[in-house]
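Nothing here was measured: the structure is a model prediction, and the numbers come from that model. Count residues from 1 along the sequence.
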Amino acid sequence: MASVELVGVTKRYGSTLAVDRVSLSVPDGRYCCLLGPSGCGKTSTLRMIAGHERLSDGDILIGDRVVNDLPPGRRGTAMMFQSYALFPHLSCVDNVAFPLHMRGVDEAQRRARAMAMLERLHMAAFAERLPAQLSGGQQQRVALARALITNPDVLLLDEPLSALDPFLRLRVREELKRLQKELGLTFVHVTHSQDEALALADLVVVMNEGRIAQAGPAREVFNRPANAFTARFIGGHNVLDAGLFGRSGEVALRSDRIRLEPAGPGEIGLEGTVVLVVYQGDRVEVRLVLEGGQELLAAIPEPLFDARPVNPGERVQLAIAQDDLHPLQ
């Protein structure tokens, strides 16, 4: 396994600045997710690490080597593409063995190693099937086996779960986490899914307009967003004018930390008008408008909502703990 370090990495496409002086350190054996909206620079960053895009400026180190001028095959990385890119005319085992074929490994050895990798991913029973005979989740596992067959130091994943249905996405997400821990590899994974990043990553890197908005452990990024962009993009937060609370600037307030009841001693009390109530299974989301027109979203556990239901048009009191207001930069 190996660490990945970016030092002032920049990527320009003509006059367009896609990645702007990004510096980042991913320690070896960590699971890093690059998270952000479309066009934020996360995929360009991943492709520069892989060697599929040249840097406009800066350095990329894998382990202790600067790899700026090395081709993909000499970087110690493997790439798993969003489209899987399986060869339709090759069986699963031959798809997995293909990188070893390109390295000159003899047929018996490469097929034996490919079968062992398919066994590890619970796909040995499908070894002789063609990709068209597999489900999307099975194709994803074959693509993952092919990426791992060369024993890379770093595995790069470009939105690997986006083509899967929600149920299968959860299953494969668990498999990725298990494999990363079992193999001890460094994973760098691009996603636009907040849930995916929070569930998988030791290190969440939120990107916006080609720069890093915030990087840190998943719980830190979620509980202590550094700025309004991160608070809004990571989800589950309200970004409010701190003047509501006698402060300056902006504050983040988690939607699940708001209670629809009068404030108790030492708590902050607000009033708002309910404009929307949405059932979400384990919770009920209540959207309100406060005095002055600011909107606020409260996520109320279903049993608590059932005990004190509200409807659009009602005027309600809100209770907020002082410590749940997080100041933003």
> Given side chains that start at C-beta, do those of Leu130 and His89 come closer than 4.5 Å, heavy atoms only?
Replying inline: no
> How close do Leu134 and Gln138 get, heavy atom to heavy atom, and via which atoms?
Replying inline: CA-OE1, 3.4 Å
>> For the residue pair Glu159 / Thr191, report whether a side-chain donor-acceptor contact shorter than 3.5 Å exists.
In response: no
>> For a quick check under 3.5 Å, do Ser44 and Tyr13 share a side-chain donor-acceptor pair by atom type?
In response: yes
Distance-only donor-acceptor hits, side chain of residues 118-127, under 3.5 Å, sequence neighbours excluded:
residue: Arg120; atom: NE; partner: Glu182; partner atom: OE2; Å: 2.9
residue: Arg120; atom: NH2; partner: Glu182; partner atom: OE2; Å: 3.1

Donor-acceptor pairs under 3.5 Å, side chain of residues 316-329 to any protein atom, not counting sequence neighbours: which ones?
residue: Asp324; atom: OD1; partner: Arg257; partner atom: NH1; Å: 3.0
residue: His326; atom: NE2; partner: Pro225; partner atom: O; Å: 2.8

> Is a donor on one side and an acceptor on the other found under 3.5 Å between the side chain of Arg75 and the backbone of Ile62?
Replying inline: no
>> Using a strict threshold of under 4.0 Å (side-chain N to carboxylate O), is an ion pair present between Glu209 and Arg211?
In response: no
> Between Glu285 and Tyr279, is any side-chain donor less than 3.5 angstrom from a side-chain acceptor?
Replying inline: no
> When you measure from the side chain of Thr186 to the backbone N and O of Gly29, does any donor-acceptor pair fall under 3.5 Å?
Replying inline: yes
>> Could you report the tightest heavy-atom contact between Val204 and Ala197, atom names first, then the distance?
In response: CG2-O, 3.9 Å
> If you count the non-hydrogen atoms of other residues, nucleotides and ligands that lie under 6.0 Å from CG in Asp306, is the total more than 12?
Replying inline: yes
>> Let's go through Lys181 and Asp202 carefully: what are the C-alpha distance in whole Å and the side-chain angles of both, what is the deciding distance for salt bridge (charged side-chain N to carboxylate O under 4.0 Å, His left out) to 0.1 Å, and is it a yes or a no?
In response: CA-CA 11 Å; Lys181 294 297 183 186; Asp202 304 310; 3.6 Å; yes
> Can Glu107 and His101 be counted as having a side-chain donor-acceptor contact under 3.5 angstrom?
Replying inline: no
> Tell me, do Leu86 and Arg146 make a side-chain contact under 4.5 Å, heavy atoms counted?
Replying inline: yes
>> Other residues, nucleotides and ligands only: do more than 12 of their heavy atoms fall within 6.0 Å of CZ on Arg54?
In response: no
> Do Arg254 and Asn238 have side-chain N/O donor and acceptor atoms under 3.5 Å apart?
Replying inline: no
>> Applying side chain to side chain contact (heavy atoms under 4.5 Å, CB included) to Leu157 and Val188, what does each step give before you reach the verdict?
In response: CA-CA 6 Å; Leu157 304 103; Val188 182; over 6 Å; no
>> Using a 3.5 Å distance criterion without hydrogens, assess whether the side chain of Glu5 forms a donor-acceptor pair with backbone atoms of Ser25.
In response: no
> Given side chains that start at C-beta, do those of Phe245 and Leu270 come closer than 4.5 Å, heavy atoms only?
Replying inline: yes
>> Can a donor-acceptor pair be found, under 3.5 Å and without considering hydrogens, that links the side chain of Lys42 to the backbone of Gly36?
In response: yes
> Is Ile234 close to Leu198 at the side-chain level, that is, under 4.5 Å between some pair of heavy atoms?
Replying inline: yes
> Under 4.0 Å between a Lys/Arg side-chain N and an Asp/Glu carboxylate O for Arg111 and Asp94?
Replying inline: yes
> Taking the inter-plane angle between the rings of Phe233 and Phe229 on a 0 to 90° scale, is it parallel (under 30°), tilted (30 to 60°) or perpendicular (over 60°)?
Replying inline: parallel
> So do the side chains of Leu161 and Arg169 get within less than 4.5 Å of each other, counting heavy atoms only?
Replying inline: yes
>> For Leu288 versus Ala298, what's the shortest heavy-atom pair and its separation?
In response: CD1-CB, 4.3 Å
>> Any heavy-atom pair between the side chains of Val286 and Phe305 that's under 4.5 Å?
In response: yes
> Would Thr273 and Arg315 count as having a side-chain donor-acceptor pair, cut-off 3.5 Å?
Replying inline: yes
>> Pair Leu144, Leu176 - check side chain to side chain contact (heavy atoms under 4.5 Å, CB included), show working.
In response: CA-CA 9 Å; Leu144 180 59; Leu176 281 176; 3.8 Å; yes
>> Distance check, rounded to the nearest 0.5 Å: Arg173 atom CZ versus Leu168 atom CG?
In response: 12.0 Å
> If you measure from NZ on Lys11 to CE on Met48, what distance do you get to the nearest 0.5 Å?
Replying inline: 7.0 Å
>> I'd like to know if Arg47 pairs up with Asp158 as an ion pair, taking the criterion as any Lys NZ or Arg NE/NH1/NH2 lying under 4.0 Å from an Asp or Glu carboxylate oxygen.
In response: no
>> In this structure, would Leu61 and Met79 fall into the same cluster of hydrophobic residues linked by side-chain contacts under 4.5 Å?
In response: no
>> Testing the basics here: between Met80 and Ala147, what is the closest heavy-atom pair and its distance to 0.1 Å?
In response: CB-CB, 4.4 Å
> What heavy-atom pair brings Arg103 and Gly73 nearest, and what distance separates the two atoms?
Replying inline: NH2-O, 4.2 Å
> Between Leu35 and Val205, does a side chain to side chain contact (heavy atoms under 4.5 Å, CB included) hold up when you go through it step by step?
Replying inline: CA-CA 6 Å; Leu35 172 68; Val205 180; over 6 Å; no
>> Main chain of Glu302, side chain of Arg283: is a donor-acceptor contact present, judged purely on distance under 3.5 Å?
In response: no
>> Rounded at 0.5 Å granularity, tell me how far OG1 in Thr150 sits from CG in Leu100.
In response: 7.5 Å
> Quick one: does Val206's side chain get under 4.5 Å of Ile212's, heavy atoms only?
Replying inline: no
> Which atoms form the tightest heavy-atom contact between Leu297 and Ile258, and what is the distance?
Replying inline: O-CD1, 3.5 Å
>> Determine whether a donor-acceptor pair (N or O, by modelled atom type, separation under 3.5 Å) exists between the side chain of Arg287 and the backbone of Val274.
In response: no
>> Could you check whether any side-chain heavy atom of Ile49 comes within less than 4.5 Å of a side-chain heavy atom of Leu6, counting everything from C-beta outward?
In response: yes
>> Test of understanding: clusters of I, L, V, M, F, W, Y form through side-chain heavy atoms closer than 4.5 Å, transitively. Do Leu260 and Val278 belong to the same one?
In response: no
>> Let me confirm one number: the CZ-CZ distance from Arg308 to Arg259, rounded to the nearest 0.5 Å.
In response: 9.5 Å
>> With side chain to side chain contact (heavy atoms under 4.5 Å, CB included) as the criterion, how do Leu185 and Asp153 come out once you've worked through the C-alpha distance, each side chain's angles and the decisive distance to 0.1 Å?
In response: CA-CA 6 Å; Leu185 296 179; Asp153 297 316; 5.8 Å; no
> If you measure from NE2 on His192 to OG on Ser162, what distance do you get to the nearest 0.5 Å?
Replying inline: 6.5 Å
> Charged N to carboxylate O below 4.0 Å: is that the case for Arg171 and Glu174?
Replying inline: no
